[in-house]
Every structure is written in C-alpha cells, then in structure tokens.
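Residue numbers start from 1 in every chain, and the chains themselves are labelled A, B, ... in the order their sequence lines are given, proteins ahead of strands. Computed from a predicted structure; not experimentally measured.
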Amino acid sequence: MVDFSKELNEVQHNAVVDFNGPSLIIAGAGSGKTRVLTYRIAYLLSHGVNPRSALALTFTNKAAREMKERIGSLVGEQFSRRLWMGTFHSIFARILRTEAEYIGYKSSFTIYDTTDSKSVIKACIKELNLDDNVYKVGDVMGRISMAKNHLVQAKVYQNNHTLTAEDAATRKPRIADIYLLYEQKCKLSDAMDFDDLLLNTNILFRDHPEVLKKYQNMFKYILVDEYQDTNRAQYLIVKKLAETHHNVTVVGDDAQSIYAFRGARIENILNFRNDYPEYKEYKLEQNYRSTQTIVNAANSVIRYNSRQLQKNCFSDDEVGDKIAIIESYTDQEEAFLVASSISEAIYTKHADYNDFAILYRTNAQSRAMEDALRRKNIPYKIYGGLSFYQRAEVKDIMAYLRLSVNHDDDEAFKRVVNYPARGIGSTTMERLQYAASAASMSLWDAVTTLDFSETGVKPAAVKKLTEFTELIMSFTTQAFTTDAYDFALNVAQRSGMISVMREDKSPEGLGRLENLEELLNSIKEFSDTYQREEDEVDAVVSITEYLQDVALLTDADNEKPEDRNKVSLMTVHSAKGLEFTYVYVVGMEDNLFPGGGALMSPVDLEEERRLFYVALTRAEKKVTLSFSQTRYRWGNIVSNPPSRFLKEIDEEYLESSVFHRQIDDADDEEDDNNDDRQPIIRKPERTIIVRRPSLAKPHQPSSDFRPDDPSEIEVGMDIEHERFGFGKIEAVEGAGGERKAVVTFKEHGKKTLLLKFAKLKICR
DNA sequence: TCCGATCTATTTTTT
DNA sequence: ATAGATCGGA
C-alpha cells in the first residue's frame, strides 16, 4: 500500500483522500495537479473501487498514457490497465463503437480527420453550386463545428432563426443547406468527424435512456482533467454521466483556458458550483515548479484579466533569475541570439539540451529558429506543424486501409481510386459522384450496383472502376483475419503504391518512402503491443483495431527515443502541461503575440493573455522573452511594436537594463533625459509594412543561352543559370541522378543545385 | 488523361 | 514562402 500522505501537502492530501461527492480542484500552474489526480485515482483503487467503474478524461492521449503509467506504478498495472482513461474523443469513440447500432452506425465507422471533413464540405459547396469564394471551407466548418458543439443538428439549424439570421448577416444564407448535405454525406459514408464523436454520444444518451443508465451505473467515479478546456458537448456528457453518483471531480485552472477559439467554455469551471451546490473545493496554490520571480511575474500579468477564480499562487522556491528580454532587428537575428543564449547557458550552467524549450505563437515561426539552431549545431525537435499522419503518402496508404474496412468511406475512395494512376480521371469521377449523389449512395455502392448505361460513365471507365473495387474487395476478404502489419504491407504492395514510390528517386521521394516505412513500422509495433495485452496468444490483431486507434492520435503520441536530449520547439498551445528548466518565448510583438485578431476584442485579448501566462509558467528556472523589430511574413517584411504583454510584467521581475535600452530605442529618441521608471513601450498602432527590397532583378539570359551537358560541369567553372545569372562552381558531389553542384552566384549567393534539373551554361 | 506551369490564398492556436 | 488549385498543352 502506498503512503499517500508522503509527498503531498495538506491541500493536496485532502484533495486525494476525500473522494466522495463532487469536487472542484483549482490547480494553479505547477501546483502538482497531475500528482493529485493520479494519487486520487490510485487512492480510489486501493480502497476497493473497481477500476472499470472509474472514468478519467484527459485532454491529450499523452496525458492519459503518462497518468496510467504512474497509477500503474503506484497500485499495480493489473488495476490501472482496466481504468477507463483517455481523451474525451477516444473514450466516447469506444463507447460509440459498442453502441453504434442504437444510432444507426456500424461499429466499424470511420473517423474523419480535419482534412477529410474539409474535403467533404468542399464537395458539398460544389454540389450546391455555391461560390467557394463566399463560402470559405474553413468558415463553414467552423460554423458547423460550433453548431455540433451545441448539439444543434442540421435540421434544427435550418429551423433556428437566430442561427440562420446570423448566416444571412454574413451573407452566407445557405450554410444550413451545406450542413445538411454534409451531415448526409458523412452518414452515408458511415463516418464521424471529431465533433460527431461528442455530438453522437450526447444523442445516444438522450435518445436511449437505457444506454445512458448503463453507463451512469457503471461509472461510479468520474474525473476530468483540464476542465477549463471542455466545450459544451463535453460538459453535457459529463453532467449526464455523473447524475446518478454525483462523484465527479474536475481539475483545472481557469487562468490556463486557451482553447475558447475551438469552443472551450471557461464558464464550465466557473459555474461548477452551480451545477453541484454540495461541491467541495480545493485550491492548489503553491507552485512547485518555478522560481518566485517567474510565479510572481506570471501573476502580475494575469491580474489584467477580469474574469477569474480568486486564487493566490505563490512559490517557496528560490527567488531566481529575473526575466531576460532579447531585442533584435530581424527575426533571423532573434533566432541567432536565442540560439547563442542557449549555447551559452549549456556551457555555463551545465544544462542539457532537453532543459530548453523555444515557444512561439504560430508554427510558421519555427523556421527561423530551426535555421539558427542547425547552424549552431544544436539538436532540436519540433512538435506540431504538419503532422506525420497528414503527409500525403501516409494518408494514401491509410485510405486504402480504411476503404478495405469500410467501403462507404468516400473520402478514402476518392483519394486512392486513381493512385497509383489507373486511368480514372476527373471526368469519370465527376459523373460517378453525380450519379452516387442522385441515388443517395456511397461511391462504392454506385460502382457496384448502379447501371451506368444511362449515367454517361464510359464503359472503359466502368471497367477500370470495377477492377478497382475488385482489388479493394480482395483486400477486404483478408482485412479481419490477417495480422494488421501483414495486411498493411500486403496492401501497400498489391495496390502498387510501393512500386510507384520506388520509381521516384528524388530526395523527397525517398523521404516519402521512409514515411511509408515508418507507418508500417508503427503498425507492427501496435500489433505487437496489442498482442501482448491480449491474453489469448493466437488472437489476431487486425487492421480494424489499428484504424480505430490511430484516427485519434497525433504525432505527439509517438515520441522517438533519439529525440530525448534535444531542444524543444513548439507553439505555446502545445506546451500546455509541459515544463522546462529554461523557456524562451519568441516573437513577443503585438499582432503576433497577442495575435492580430485579438487586439480589437477584449475577450480574445484575455485568452491571449492566458496563453502568455501558460508560456511563462512552463519555466522552472528562467524565462527569456524576445522580440524583433522586423520580421518576414508572407514574403514581406513587417514591423510590429513590442508586445503589450511585456509592459504588463511587473518591472521588478525584469532584467531592467535590457528592457530600458529597448524603451529608449522604441521612443524615437523623443526624451533622452527621461529618468522615469515607467516602462512604457510606445505603440505605433498600425502595422508598418515595409516593401520587400527588390533584391534580385530577374536575370536576362544571354541571347545565346543554351544549357550544356551537366556531366561536363566541374569544380571551378564559371557558369550561367537561366534565372540566377552568373556564378562559380564551388563543389560537385554525388553521382548520376543525385549529382549536385554548390554554386556561388553573383546576385543570389550560394545555392545547391541538382544537376539533373539545373540548366547551366558553361562560360568558356 | 496526365503533367507542368502559373496563379492564389494563406497564418492562429488542435483533440 | 509555400502549398494547393486551376488551367492549358501534350
């Protein structure tokens, strides 16, 4: 038995032991929230609560996995394994698969990711003959998502005057129609999008009281992490499930609510006391992560927000270093200074690379940082950005797998019907889609059941389509009885994907092949782990199980071991819940952080401020903030004033010398003799857009320009390039199709060119 | 039907 | 800067 009083302070201990009835745990940043949650669950289990009757909902898969591990090490893996612990999406996807028939889905339903959803919406807009300049896919999707989060289905939406009036006001009166068609198409494809997982769970519980009853009785204890980031649909699910036992524990920090933009309602945590008047409240206010300076500085910033739960966060740690501010002229210089600062800290403080994180507001900012780090030979890893699962080649093979399991998955069908090329072009697909839509059928059913003599699809095309469905059919016959890895490998080969990809010998093509391999490896890994967990040794782990799991994974969920000791680069959003010894927040400029849209709206600005609060409180020992006077954006140079958040930090927590120098700079040498200690940063309200300096006038090739045979190129030659002009060959490397030349051009500097493609004329 | 060249819109943030 | 979309030619 674990001694639960050890390692816990008094409030934490109470929050752990007192596990009956509704509890609100307000957990400031770094206050040991995860520890309390894990211990509380472990405590439950060690007091005879059946793990199957505890439901623990987290925000990320990673959080769930880590918590499960820790609980496992406290009370034994045989208990923790049986817990219902995971993200809202994964837990309720699981429940929906079990209960699918109640709401008219198959238990093998597909989960559409954002790309799939967008593609379907695009098709809807097209089918309704609407202008896609007026009906932007992203806007429409946002609107539909908002509706679903409020449990408004398409029919209801159409009849809701408030909603339709809003759409009319934005001159998009037909969003309701798009929504309806979208809903039909998803249903027809036996597919749910992310929001559907929550919406349909609500519908399931609403329309089938006996099912609701079953889960209400089953989940005697419900715990929700990051409660401040739940949306309305999630809130309602929790509320319903908790009705019988009222044993609901929510943990969160209103100051760290940063997902309002996707429907999270900070009210959920603010109003907990209204929902459960008999609730008990625990405030975890002592920060064990950061120095006093960091905690106090963060407090001084968050004070500017109006709506929040009262709490008094403090640290008993050392006072620590003040917050440093790095100022630079360009974003490249910013990156260079940050990288240098990291190098120096590693040297002087004997820190490891993984003690450092560079946080930014937008993913686009990572590039400059990467360049600088690479130049300084600092190893780094990037979170977010283009997810592994979003890569074209990964989506392609996944589409084959999905289609093999669910023939009605139209998105998968469209994706691979002509990849590798089978001579099924857009004309054929257009006709097929028209026919399918007219008959309210999936594309698959249209191919296999409709008579095409009247629909205009040419007999030759029909033959090709039939060959395609037969190919998939041959996969399907193995899909449920073959091991997931064997199956996927087989599909990759027999679909022709691998041979097509092998033909592409370019570096990118090679990378794609590697990605495919990596995916196959991860399927293998999945199959192996799952196998071990199943008690029957000979049970086959089929691809269906993999597909159901993978739809809700993000690349944060497969960390590679070789990435352990590296500097972390990520957005502030994805840093939530993490901690690092040294944190750099870059791009501290108005219009970037806080982001452009937020400067106008107080509500949005408060969310940005919470985001900044999150950023600051990631750090254990030291925070460094940086901003740049100019920055590349959309190929232009823009100039923004330093972030207003900088001046919201109490001056006493800043390395003032640096800060004051900046103020003088920003003050346009207005008052040189101003000894006032007020840290006022002047705010040019508008963004100054500096036109891009016209570096390179396009090169006019000589009249006799005619590329020479690339095999003649040798080091030292003077050459002319069609676009880059004149230059000198510095080096030649590689051979055959991979032969590359490093050229220094007069106007464009050093470039590496693949000789296979570069058209070079030798100047003799 | 396929491929490439040109044009365009795009930037918050993600389960 | 760049990826995706569109359009025209082979």
**OP:** In plain terms, say whether A:E589 and A:R631 are close enough for a salt bridge, that is, a side-chain N and a carboxylate O under 4.0 Å apart.
**Re:**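 Result for this pair is yes, salt bridge flagged.
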Report yes if a side-chain nitrogen or oxygen of [X] is closer than 4.0 Å to either non-bridging phosphate oxygen (OP1 or OP2) of [N]; otherwise report no.
| X | N | result |
| --- | --- | --- |
| A:K576 | B:dT13 | no |
| A:N363 | B:dT11 | no |
| A:S574 | B:dT13 | no |
| A:N231 | B:dT15 | no |
| A:T427 | B:dT1 | yes |
| A:T571 | B:dT14 | yes |

Subject >> A:D331, A:V586, A:L569 screened by side-chain contact (heavy atoms from CB on, under 4.5 Å) with A:Q365, the one that passes >> reply: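 The option that passes is A:V586.
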Subject >> 5'-most by nearest nucleotide on DNA chain B - A:T58 or A:K458 >> reply: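 Between the two, 5'-proximity favours A:K458.
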Original post:
DNA chain B: A:R422 or A:R633, which has the more 5' nearest nucleotide?
Top reply: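 The 5'-side residue here is A:R422.
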Original post:
Parallel, tilted or perpendicular for A:Y259 and A:F59, by the 30°/60° rule?
Top reply: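 Taking A:F59 first and then A:Y259, their aromatic rings sit tilted (interplane angle of 30° to 60°).
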Subject >> Parallel, tilted or perpendicular: ring planes of A:Y546 versus A:F526, cut at 30 and 60 degrees >> reply: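 Because their plane-to-plane angle is over 60°, the rings of A:Y546 and A:F526 count as perpendicular.
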**OP:** Give the intermediate values and the outcome of ring-ring contact (aromatic ring centres under 6.0 Å, His included) for residues A:F468 and A:F413.
**Re:** CA-CA 10 Å; A:F468 175 69; A:F413 189 107; 5.4 Å; yes
Considering every strand and a 4.0 Å limit on heavy-atom distances, what is the contact class for [X]: base, sugar-phosphate, or nothing?
| X | result |
| --- | --- |
| A:T428 | sugar-phosphate |
| A:N418 | sugar-phosphate |
| A:G595 | nothing |
| A:K118 | nothing |

Original post:
Roughly how far apart, to the nearest Å, are C:dT6 and B:dT11 at atom C1'?
Top reply: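 Those two atoms are separated by 22 Å.
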Original post:
Going by ring centres under 5.5 Å and near-parallel planes (under 30°), is A:F261 stacked on B:dT13?
Top reply: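 Check passed, A:F261 stacks on base of B:dT13.
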